[in-house]
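Below is one structure; the comments refer to it alone.
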Amino acid sequence: MSDSRESTGPDDGTAGRPSGGVAERPDGTQLRLAVPDMDCSSCAGKVEGALDREGVLSVDTRPTTGVVVLTYDPELTDVEALTAAVEAAGYAVEDADSDGVADDLFTSPRAIATAVGGVILAVGLALEWLLPGLNPTFATIGGVGFLGPWGVTGASVAFLLAIAVAAPPILRNGFYSLRGLSLDIDLLMSVGIVAALLVDLPFEAATLAVLFSVAELLERYSIDRARTSLRELMELSPDEAVVIRDGDEETVPAESVATGERLAVRPGERVPLDGVVREGSGAVDESPITGESVPAEKEPGDEVYAGSINEAGYLEIEATAPASESTIAQVVELVEAANGEETRAERFVDRFASVYTPIVVVGAIATATLGPLLVGGGAETWFVRGLTLLVVACPCAFVISTPVSVVSGVTAAARNGVLIKGGEHLEAAGDVDAVALDKTGTLTRGELSVTDVVPLGDREADDVLACATAVERRSEHPVAAAIVARGEEVGAEPVDGEDAPDDGTEVTGFEALTGEGVRADLDGETHYAGKPSLFEELGFDLSHAHVRSDGGSVLEERDGDEAGDAEGDAANAVTAAEPCDHGQYLDLASETIPRLQAEGKTVVLVGTETELEGVIAVADTVRPEAAWVVDRLHELGIDRVAMLTGDNERTARAIGERVGVDEVRAELLPDEKVAAVRELAAETEGGVAMVGDGINDAPALAAADVGIAMGAAGADTAIETADVALMADDLTRLPYVIDLSSRASSTIRTNIGASLGVKALLAAGAPLGYVSVAMAVVVGDMGMSLGVTGNALRLGNVEPAEPPEAEAPPGTES
């Protein structure tokens, strides 16, 4: 019986895995049962049939992970009755928290019985073929088998003993299949063993019993390998937490920690629950959640995830969610449910198997009964050929080829910081021919920063930033915030309170000039910071602004990183200075400002009523990896990469050229993004993937064949709508998704094709006598099942490619 404990909260694919297996839902009660022996679709069918009863509202069987999630009406049935129904179908129900992995698989009673049966079968073979002189005849029983009397020899006794030891689990499962009217491998093998005994073919019956038992064990081992990858995810979150209560530390089960409680996490320990750092600082390895290998520096106010590792520093964390709702719990639940909805390939295989198996079974019966009559020859020969064809009728290999590929791929993605919400989305991403990218927060960082500072007159760049910082400090505009942040980074003196820098500079008379900029008095002199039009209204000739010949220590920032030297766009502005009677000048109106604006940057001029002091350019900087990502997508076979944005045409074009997208569609409203996605879908042969991060991207994410959300910075609505989430907000994971999905689709096709090809050859060769019973089991069942599973597990070795170390293009404005 399952050890179920109640927990509240819906399980809609976004909630964490219920810790005990029972959760209340508005339309019923949800129950999670661990059924580890349910490892194929035919097993799932028997379980579903057993649960098809009054009071059960829905059943979701997940054979690849050995889990059944069902919703039931507690007024009509209960946990005990549902568990009993599953066990009556022949499947043991384990503790609800079981991961379905049999750690003692090869020392289990069935494994031991199979080994003993194999030894006895080998003894029988030796007596039958190698040492016939030592094979005694004990008795001859006439009139029992329709092929003639039974000879009771030492070899036949050995074969019967092998059957007695190895066959009971097969016959028991076959009985459950017969009772549930399920034409599956257990029933087919049971019929084969019994029929072989009835016609005095103990060797064939023993071969079936032993080899099929070996095949079952090896297939379970292969399935366990896939399940182990999920267990590794589950083990990331600690079972215990150190809670600070009344000033004392207490070690308690993680699931008993309440939201709001303080947790102590020391260096080397895993964070037990999602939370916010309240005291301490340190470096936290978040790679188990985000896939980001570089530890993140955490300070008070920063979020941390359950399962991440505190590498340095003592942290006190306030829990923000219970263990069952942590980020890692959500990842585990979504990965576990990845094979809940069938992919197109699975639906094809199921339809094919429903036709293939009955046809081959009928062919097996016809071969055994009609062969002697129509072709001639011994009845025993044709019976063995029919029995062989009956073994070939089992569709196990190609039925499991898709689920194990899905679980392997989805689990590998989760380990690398990508959350794929189901096998259908994994398959769909592999068929994508076009990718649509949002701009702000996706191709760009989504945060404004200063990119260029061009000092004018006799000013230095630091002087311009210091002045602009002082004037803009009280403004609430995002551009002002970017200037203030940059000024503080390069050493502009912070203000004391709201009014004055520490150096004694007095800031008074602040005024926001609507639509133009700001004004404030510094030490009694009025300074302005704002649009070029503001300074034109003040009477400045922007076509002739004097500049020092050495450029005044031009400051340039690249993509929000460290300030550079006098290179790049800002330095080029000074290089373009023209000589005049008073030295050198810049044509701000016709050259400098239009060029910066053409790059998508917002231009802010700084000065007094009588003097221009400098030019500052602010932009939402392009992600350093954006251009590499677009190139990588093209390398992976994506025909079209489009950028969809609500920003203005000029800014969008500038960014589009920098990152190398094939087309740019700008000034789009949310519904227009949806229309653009649909147009791309109509113009491409494959599917369309949409990548975004904001609420305004949610409709387009839903409209695309595959919606991909930027997980860390993305809005909750976008993440919930998307089919895939890049948990680390790392754009380099986008090509990884396409690559992994493409390989998964190829693996699934290879597995299905190989399975069908081998089955077809065996089915064609069995009636002609070219295939033995042993070959049918070893090659057609065990061999192909192991082959497709091993091929699927190769997906776990696919790793994200990393962009080369290179300086990214300068940023552009949001």
Side-chain angles (χ1 to χ4, degrees), residues 13-14 41 60 62-65 67 223 225-227 229-230 233 291 330-350 398-435 633 636-638 686-691 701-702 704-709 711 719-727 730 732-753 788-789 791-801:
T14 60
S41 60
D60 176 16
R62 305 170 184 175
T64 314
T65 51
V67 170
I223 291 294
R225 288 182 63 191
R227 292 177 180 177
S229 60
L230 179 61
L233 288 177
Q330 295 179 40
V331 171
V332 169
E333 169 61 24
L334 288 169
V335 171
E336 187 182 74
N339 65 328
E341 295 182 4
E342 289 188 329
T343 65
R344 294 191 303 273
E346 284 182 282
R347 290 192 289 270
F348 162 76
V349 166
D350 287 346
F398 55 85
V399 167
I400 68 170
S401 59
T402 299
V404 294
S405 300
V406 167
V407 169
S408 180
V410 171
T411 306
R415 288 200 305 269
N416 286 288
V418 176
L419 187 57
I420 301 177
K421 298 183 181 179
E424 190 166 0
H425 308 311
L426 178 71
E427 185 181 46
D431 297 330
V432 163
D433 282 338
V435 174
L633 289 175
L636 291 171
I638 300 300
V688 175
M690 171 68 194
V691 188
L701 293 174
D705 295 285
V706 183
I708 303 175
I719 295 173
E720 291 172 5
T721 304
D723 307 312
V724 179
L726 309 182
M727 299 298 291
D730 183 356
T732 64
R733 293 301 189 264
L734 175 58
Y736 169 70
V737 171
I738 302 300
D739 186 23
L740 177 68
S741 301
S742 177
R743 296 192 191 203
S745 296
S746 176
T747 297
I748 290 171
R749 288 192 293 268
T750 299
N751 283 349
I752 293 175
V788 299
T789 303
N791 192 34
L793 292 176
R794 291 170 54 244
L795 294 172
N797 298 324
V798 180
E799 296 291 337

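Atom CZ of Arg415 is separated from atom CD of Glu799 by 7.5 Å, given to the nearest 0.5 angstrom. Separating the CG atom in Asp705 from the NE2 atom in His425 is a distance of 11.5 Å, to the nearest 0.5 Å.
Pairing each heavy atom of Ala704 with each of Ala689, the nearest pair is CB-C, 4.4 Å. For the pair Ala744 and Leu426, the tightest heavy-atom approach, listed with the atom from each and the gap, is CB-CD2, 3.8 Å. When all heavy atoms of Ile420 and Ala413 are compared, the closest pair comes out as CD1-CB, 3.8 Å. Of all heavy-atom pairs between Ser408 and Gly796, the closest is OG-N, 3.7 Å.
In this structure, Val432 and Ile638 have side chains that are in contact, with non-hydrogen atoms separated by less than 4.5 Å. Using a 4.5 Å heavy-atom threshold, the side chains of Ile708 and Asp723 count as separate. A 4.5 Å side-chain heavy-atom check between Thr747 and Leu795 finds at least one atom pair inside the cut-off. In this structure the side chain of Val706 reaches within 4.5 angstrom of the side chain of Val724, judged on heavy atoms. Counting heavy atoms from C-beta on, the side chains of Leu726 and Thr732 never come closer than 4.5 Å.
Counting only distance, with no hydrogens or angles, the side chain of Asp431 and the backbone of Gly686 share no donor-acceptor pair below 3.5 Å. One N or O on the side chain of Asn416 and one on the backbone of Ala412 form a donor-acceptor pair closer than 3.5 Å. Side chain of Asn751 to main chain of Val788: a donor-acceptor pair is present (N/O by atom type, distance under 3.5 Å, no hydrogens or angles).
The side-chain hydrogen bond (donor to acceptor under 3.5 Å, both in side chains) test applied to Arg794 returns Asn791, not counting sequence neighbours. Taking the side-chain hydrogen bond (donor to acceptor under 3.5 Å, both in side chains) definition, one finds that Asp739 meets it with Arg743, sequence neighbours left out. Remark: Ser742 pairs with no residue by the side-chain hydrogen bond (donor to acceptor under 3.5 Å, both in side chains) rule, at least two apart or across chains.
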